[in-house]
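Have a look at the structure below, then the notes.
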Amino acid sequence: MRTSYHEQLAGVGDGLIEMSRLVGSAVSKATTALLDADLDAAEAVIVADEEVNKLYRQLDDEAVQLLARQQPVATDLRAIVTALRMSSDLERVGDYAVHIAKVARRRHPATVVPVELRATILEMGQAATRIAVKAGTVIATRDLALAAQLLADDDTIDDLHASLFATLLDGNWDHGVEAAIDVALLGRYYERLADHAVSVSHAVTYLVTGEHSDPESYASE
Amino acid sequence: MSKRIVAEDVNAFYGSFRAIAGVSLTIEPNTVTALIGPSGCGKSTFLRTINRLHEVIPGARVEGKVMLDSEDLYGAGVDAVAVRRTIGMVFQRPNPFPTMSIYDNVAAGLRLNGIKNSKVLDEAVERSLRGANLWNEVKERLAKPGAGLSGGQQQRLCIARAIAVEPQVLLMDEPCSALDPISTLAIEDLMTDLKQRYTIVIVTHNMQQAARVSDRTGFFSLEATGEPGRLIEIDTTEKIFSNPSEKRTEDYITGRFG
């Protein structure tokens with residue numbers, strides 16, 4: 001019963017999964033652009049974000065239509081309310097990928113990241129890509145065990161973020177202020193985008209259980 | 001076959017009282033159009049002007065034009081009974097002919113039109129009951145009285161009876177207000193199927209129902225008791241329920257008025 005309604009609901013879910021696929025690939029590509037000083041990759045990330053924004057607006061419209069016309073209740077209601085939150089988180093993840101790509105573009109043809117920090121940024125980029133992709137899988141599967149794993153991945157990124165700052169502040173920094181600002185900002189972008197991915201996993205937990213996650217798990221954000 | 005309805009400056013009277021004033025709207029083929037509004041706003045009266053049912057009330061009359069594609073339904077020489085055959089109607093309370101079997105209820109209109117061939121009737125009855133999504137529930141007991149069905153089934157029987165004579169338009173005047181929520185959803189799903197073949201206009205007090213089933217929604221209202229009802233706004237259902245153009249529409253659908 002209510003076939004078209006259920007199709008529309010499924011469509012919202014599909015839109016979120018597609019968004020998470022796009023932003024996961026944007027984070028990965030932005031990291032490549034950054035570490036390889038690859039201008040084409042940086043431009044590609046910036047252009048591709050338009051698609052993410054389009055999906056975001058489309059999802060917003062669909063969710064509003066469903067709320068206005070179908071009076072969803074129970075799981076259906078939570079699915080739409082959380083979809084609105086998750087799409088906004090995913091859209092932000094995409095924006096951070098764009099920020100990272102823009103740093104790469106701004107310094108091109110120079111590389112942004114000093115050689116002693118390449119490994120840390122690479123690791124952050126890989127962890128951030130992983131967490132963004134996992135967020136997509138959590139949306140698709142509603143797997144709460146996987147949702148919990150995102151918190152651990154986020155801790156890894158937080159540690160890497162802290163270690164970046166330690167390097168910047170240990171008194172031996174000799175790459176100048178500009179590079180220091182770039183590195184501080186990049187660290188911040190990865191750290192923030194991971195938080196948005198974690199927030200997606202909280203939303204899925206709420207969607208499945210109807211209960212908010214342990215409030216302490218929000219505190220770290 | 002589905003047809004377009006165009007109303008131009010329709011006014012309907014009960015004696016000297018003008019119930020609706022200046023209603024002009026277009027209803028597209030193969031769509032569901034919902035008419036909503038507070039009690040006494042004239043939405044049911046307007047619905048009944050579409051198949052010339054308004055005028056059967058003593059003293060009632062209609063001014064203005066209602067076109068079904070290129071045919072003026074109020075033109076000179078137009079047979080009102082023929083209009084009602086082309087434009088079927090389903091009422092608020094299921095009203096199967098109480099002494100008739102399920103089969104005879106559906107076949108009644110065809111028999112009235114002079115069809116006697118039992119093979120033709122059998123086919124039409126099955127087709128109509130299938131069309132109303134009732135066939136599987138009643139095929140084993142077609143000879144049983146229609147009045148023995150549940151309320152939701154009776155209403156679908158009435159829809160089957162209405163579509164048996166192959167109308168072009170189906171008018172529904174609060175078809176679900178006497179039904180439980182599950183039967184209501186069954187009728188709503190049915191409307192989505194039926195619009196593939198018919199133009200459907202539904203009057204409903206249930207705004208959520210209008211939001212769920214219709215492609216376009218028209219909002220009727222009246223300034224004050226004793227004033228005629230008017231069409232305030234008609235637009236896509238998406239627009240009406242998410243961002244109506246008229247403040248009066250917004251006030252009504254958000255429950256601030258009416």
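To find a chain, count down the sequence lines: A is the first, B the second, and so on, and within it residues start at 1. Predicted, not measured: the structure shown is a model, and the values here were computed from it.
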At a 4.5 Å cut-off on heavy atoms, which part of B:I253 comes close to chain A: side chain, backbone, both, or neither?
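Interface part for B:I253: neither.
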Report which part of A:Q65 has an atom under 4.5 Å of a heavy atom belonging to chain B: side chain, backbone, both, or neither.
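For A:Q65, the side chain is the part near chain B, not the backbone.
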Roughly how far, to the nearest 0.5 Å, is [atom2] of [Y] from [atom1] of [X]?
X	Y	atom1	atom2	result
B:E126	B:Y103	CD	OH	10.5 Å
A:D158	A:D195	CG	CG	6.0 Å
B:R197	B:Q168	CZ	CD	13.5 Å

Under 6.0 Å between ring centres, would you say that holds for B:Y252 and B:F219?
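Yes - the distance between ring centres of B:Y252 and B:F219 falls below the 6.0 Å cut-off.
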Do any side-chain atoms of residues 71-83 of chain A form donor-acceptor pairs under 3.5 angstrom with protein atoms, and if so which ones, sequence neighbours left out?
residue : atom : partner : partner atom : Å
A:Q71   : OE1  : B:R212  : NH1          : 2.7
A:Q71   : NE2  : A:R69   : O            : 3.0
A:D76   : OD2  : A:Y5    : OH           : 2.8
A:R78   : NE   : A:Y206  : O            : 3.2
A:R78   : NE   : A:L207  : O            : 3.1
A:R78   : NH2  : A:L207  : O            : 3.1
A:T82   : OG1  : A:R78   : O            : 2.6
A:T82   : OG1  : A:A79   : O            : 3.2

Could you tell me which residues in residues 23-51 of chain A have at least one non-hydrogen atom under 4.5 Å from a non-hydrogen atom of chain B, sorted by residue number?
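Checking residues 23-51 of chain A against chain B gives no residue, so none.
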Top residue by heavy-atom pair count (under 4.5 Å) with chain A, among B:T192, B:T237, B:I240?
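So the answer, after comparing B:T192, B:T237, B:I240, is B:T237.
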Suppose we screen for ring pair (Phe, Tyr, Trp, His ring centres under 6.0 Å). Which residues come up paired with B:F241, at least two apart in sequence or across chains?
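By the ring pair (Phe, Tyr, Trp, His ring centres under 6.0 Å) rule, B:F241 matches no residue at all.
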When you measure from the side chain of B:S242 to the backbone N and O of B:E238, does any donor-acceptor pair fall under 3.5 Å?
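Confirmed, B:S242 side chain pairs with B:E238 backbone.
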Residues of residues 173-181 of chain B within contact distance of chain A, non-hydrogen under 4.5 Å:
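Checking residues 173-181 of chain B against chain A gives no residue, so none.
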